[in-house]
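What follows is a short report on a single structure.
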Amino acid sequence: MKWPFERMNLNVDGLGIGRILYFTIILLSTVPSHLTHWSLFDGPTCTEIIGVIFNINLTYNQALIMAWLFRISTLFSILGLFTIPAMWISFISLFLLNANALKFCYWNHHSIPLHVGMFLWALLDRNSSFRVDNIIKHKIVGSMNLQDPITLQHNEILPMLNRIYFSIIFFLSGFTKLKFSGWSWVASDSLKNILITQNFAHENYWPSRLFVIINSFVIKIPYLTEILAFTTILIEIAAPLVLFKTKLRKWILIDLALMQIGIYILMYIKFSPWAATYIFWLPLNEWGSSIRNQINRLKQKPI
Amino acid sequence: MNIRRIWPYLNCCSWRVGIGTAVVLLSLLLGLTNLRVFPFSNYPMFAVTYIKPQIYTVEFVDENGLSQSIDNHFLYPMSRLYLNESIKVALIKGQSPLHEISWILKRIKNNNNSNLKKIKSVRVVKYLLNVNPQAESPYEIQNKEIIDEVAI
């Protein structure tokens with residue numbers, strides 16, 4: 001039997017570029033300062049509804065420390081300085097900040113999918129290159145042994161599990177809509193009504209006045225919201241197809257990205273941290289090799 | 001089945017691979033159920049059908065009887081979106097929505113802002129909205145239903 005998924009064997013340089021991109025997107029797009037303010041929140045909790053099984057209560061000062069730990073450790077993860085501990089601290093600090101915030105009636109769609117991805121990086125990345133660690137090790141030991149077969153195997157597993165998780169989160173978004181609403185999510189004014197209520201919910205916090213005009217324009221066109229709702233569910237349900245090397249893959253990936261941009265424009269929900277989940281579809285090996293060649297060329301140049 | 005080909009994926013000796021695979025599988029299994037376990041999500045927020053463009057919120061009523069919807073700035077770090085969810089959940093559970101907004105009352109009492117001092121009562125309301133691109137705000141309130149009210 002032919003293994004159905006395309007094998008994605010990232011070399012150490014590809015993995016290194018992946019790590020830099022992944023944690024850079026997380027550092028730039030996640031706002032830990034907003035999460036820290038939930039420690040001062042005096043409202044009711046709804047832990048059982050939200051599904052936070054950990055009763056984490058951080059004081060404001062503890063949350064501030066977590067936010068700084070998150071920023072510093074994510075930066076270290078990008079640089080590859082104390083890489084593995086840095087990735088674990090980055091994952092744990094964001095996890096604690098979110099768990100502290102999520103016990104209130106607050107469900108953060110923006111950064112929830114990052115937790116599993118960050119956990120996989122911390123767990124499975126043992127040999128990505130472009131690390132300051134490697135330079136330090138090279139200075140001390142004199143040579144680098146990157147050919148350990150067990151760690152090289154993780155170069156396949158890490159991108160593959162991230163790709164599977166990517167398809168799961170999108171598939172479940174579509175599946176949940178069908179499960180909770182059935183066909184009425186598409187064949188009714190549901191999306192139109194959501195767009196109208198979003199105008200009220202985000203009042204004075206719209207990303208741009210232009211987006212509000214586009215929102216109002218889309219609502220007024222008959223059947224357009226139904227078409228958009230149908231397309232959304234279709235793309236989300238089709239997301240697992242990206243695991244297979246077919247002609248559809250590129251189009252599904254582009255459509256998923258366009259859908260999230262569309263959600264930002266029409267519903268003012270920013271999914272920028274999700275950009276990190278897309279990196280495993282980029283030609284990381286090629287980019288890694290090209291940067292490696294540049295570095296080698298610079299090394300060979302006489303000063 | 002070519003076991004050699006899939007063996008690296010099933011390698012039981014690598015505990016890291018096992019844990020990673022288990023976490024990804026768990027996210028799929030929990031997502032397929034009604035359970036919501038952090039950090040695994042089934043993304044239910046906009047999954048329900050919005051039969052009408054309606055939203056639950058809170059209004060401040062001043063001494064002249066004029067009402068004003070609570071703004072996102074006052075609610076920070078919460079927002080109108082999550083306040084709607086919070087009130088909706090309380091109503092579904094058969095609880096008084098006033099319990100859900102008691103923190104808002106506390107904030108009004110503890111705030112020294114002169115405008116907030118003029119507030120005489122706080123209402124939990126349900127708005128029926130419509131789009132209105134011509135106005136300053138892109139929505140208009142078509143209908144308002146007062147769910148509950150409490151004097152300050």
Side-chain angles (χ1 to χ4, degrees), chain A residues 1 3 34 37-38 41-44 46 49-54 95 98-99 102 104-107 109 112 115-116 119-120 123-124 150 153-154 156-157 161 164-165 168 172-173 175-177 180-181 184-185 188 190 192-194 196-197 199-205 212-213 215-216 219-220, chain B residues 1-2 5-6 8-9 11 14 16-17 19-21 23-24 27-28 31-32 35-55 57 69 71-73 76-82 84-86 89 99-100 102-103 106-107 127 129-131 133 137-139:
Chain A
M1 193 184 84
W3 184 241
H34 178 250
H37 283 102
W38 284 95
F41 187 60
D42 42 359
C46 42
I49 297 149
I50 294 303
V52 183
I53 52 171
F54 318 97
F95 188 93
N98 253 332
L102 291 169
F104 303 106
C105 294
Y106 167 74
W107 189 246
H109 280 197
I112 287 292
H115 292 298
V116 172
F119 175 76
L120 292 174
L123 187 75
L124 295 169
I150 297 292
Q153 181 199 314
H154 294 163
E156 274 192 327
I157 295 292
L161 286 182
I164 293 172
Y165 183 63
I168 286 174
L172 287 178
S173 302
F175 175 81
T176 315
K177 288 182 185 84
F180 287 159
S181 301
S184 66
W185 203 85
S188 71
S190 184
K192 189 178 178 177
N193 295 337
I194 291 171
I196 295 171
T197 51
N199 279 331
F200 174 80
H202 292 263
E203 189 169 27
N204 300 326
Y205 285 86
V212 179
I213 295 166
N215 170 301
S216 307
I219 290 167
K220 277 193 291 182
Chain B
M1 186 186 286
N2 187 350
R5 194 159 181 169
I6 65 164
Y9 298 99
N11 194 339
S14 174
R16 287 196 193 98
V17 174
I19 292 173
T21 311
V23 165
V24 172
S27 72
L28 175 65
L32 291 172
L35 291 170
R36 290 175 73 179
V37 179
F38 172 75
F40 308 111
S41 172
N42 48 19
Y43 310 98
M45 200 164 182
F46 292 103
V48 292
T49 306
Y50 279 56
I51 300 162
K52 288 176 185 171
Q54 63 186 29
I55 192 162
T57 192
S69 327
D71 63 21
N72 282 316
H73 183 70
Y76 187 83
M78 221 192 202
S79 67
R80 282 177 174 177
L81 191 63
Y82 296 102
N84 168 52
E85 293 291 316
S86 169
V89 164
H99 174 255
E100 288 298 311
S102 57
W103 64 279
K106 258 189 245 167
R107 275 193 186 186
Y127 287 158
L129 303 166
N130 200 2
V131 68
S137 298
Y139 67 88

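Throughout, a chain's letter reflects where its sequence line sits, starting with A, and its residues are numbered from 1.
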Taking the six-membered ring for Trp, are B:Phe40 and A:His115 closer than 6.0 Å centroid to centroid? no

B:Ala47 and A:Trp185: which non-hydrogen atoms are nearest, and at how many Å? O-CD1, 3.3 Å

Say you draw a straight line from CD1 of A:Ile164 to CG of B:Leu28; how long is it, rounded to the nearest 0.5 Å? 10.0 Å

Can you list everything that forms a side chain to side chain donor-acceptor pair (under 3.5 Å) with B:Ser102? Sequence neighbours excluded, please. none

A:Ser188 vs B:Thr49, test: side chain to side chain contact (heavy atoms under 4.5 Å, CB included). Steps then yes/no. CA-CA 8 Å; A:Ser188 71; B:Thr49 306; 3.7 Å; yes

Before you tell me yes or no, could you show the steps for B:Val23 and A:Tyr165 under side chain to side chain contact (heavy atoms under 4.5 Å, CB included), namely the whole-Å CA-CA distance, both residues' side-chain angles and the distance that decides it to 0.1 Å? CA-CA 9 Å; B:Val23 165; A:Tyr165 183 63; over 6 Å; no

For chain A, which candidate among B:Gln54, B:Arg80, B:Lys52, B:Arg107 shows the most heavy-atom pairs at distances under 4.5 Å? B:Arg80

Distance col, row A:Asn193:CG vs B:Ile55:CD1, nearest 0.5 angstrom, shows 11.5 Å

Step through it carefully: locate the ring centre of B:Trp103, locate the ring centre of A:Phe41, and say whether they are under 6.0 Å apart. yes

Residue set satisfying side chain to side chain donor-acceptor pair (under 3.5 Å) with B:His99, at least two apart, ordered chain then number -> none

Among the listed options A:Val212, A:Thr197, A:Ile213, A:Asn215, the residue most often paired with chain B at heavy-atom distances under 4.5 Å: A:Thr197

Between B:Phe46 and A:Lys177, is any pair of side-chain heavy atoms under 4.5 Å apart? no

For the CG atom of B:Leu32 and the CD1 atom of A:Ile168, what is their distance to the nearest 0.5 Å? 8.5 Å

Can you say whether A:Asn199 sits under 4.5 Å from chain B via the side chain, the backbone, both, or neither, judging by heavy atoms? both

Honestly, the part of B:Ser27 sitting under 4.5 Å from a heavy atom of chain A is both

How far does OG1 of B:Thr21 sit from CD1 of A:Ile157, to the nearest 0.5 angstrom? 6.0 Å

CD of A:Glu203 to OH of B:Tyr139: how many Å apart, nearest 0.5 Å? 3.0 Å

Just give me the residue among A:Ile219, A:Ile194, A:Val116, A:Leu120 that pairs up with chain B most often, heavy atom to heavy atom, under 4.5 Å. A:Ile194

If I take atom OH from residue A:Tyr205 and atom CG from residue B:Leu81, how far apart are they, to the nearest 0.5 angstrom? 14.0 Å

Is any side-chain heavy atom of A:Lys192 closer than 4.5 Å to a side-chain heavy atom of B:Pro53? no

If one checks every heavy atom of A:Phe200 against chain B at 4.5 Å, the contacting part turns out to be both

What orientation do B:Phe38 and A:Phe95 show, parallel under 30°, tilted 30 to 60°, or perpendicular over 60°? tilted

Scanning both residues in full, the closest heavy-atom pair of B:Pro39 with A:Ile112 reads O-CG2, 3.3 Å

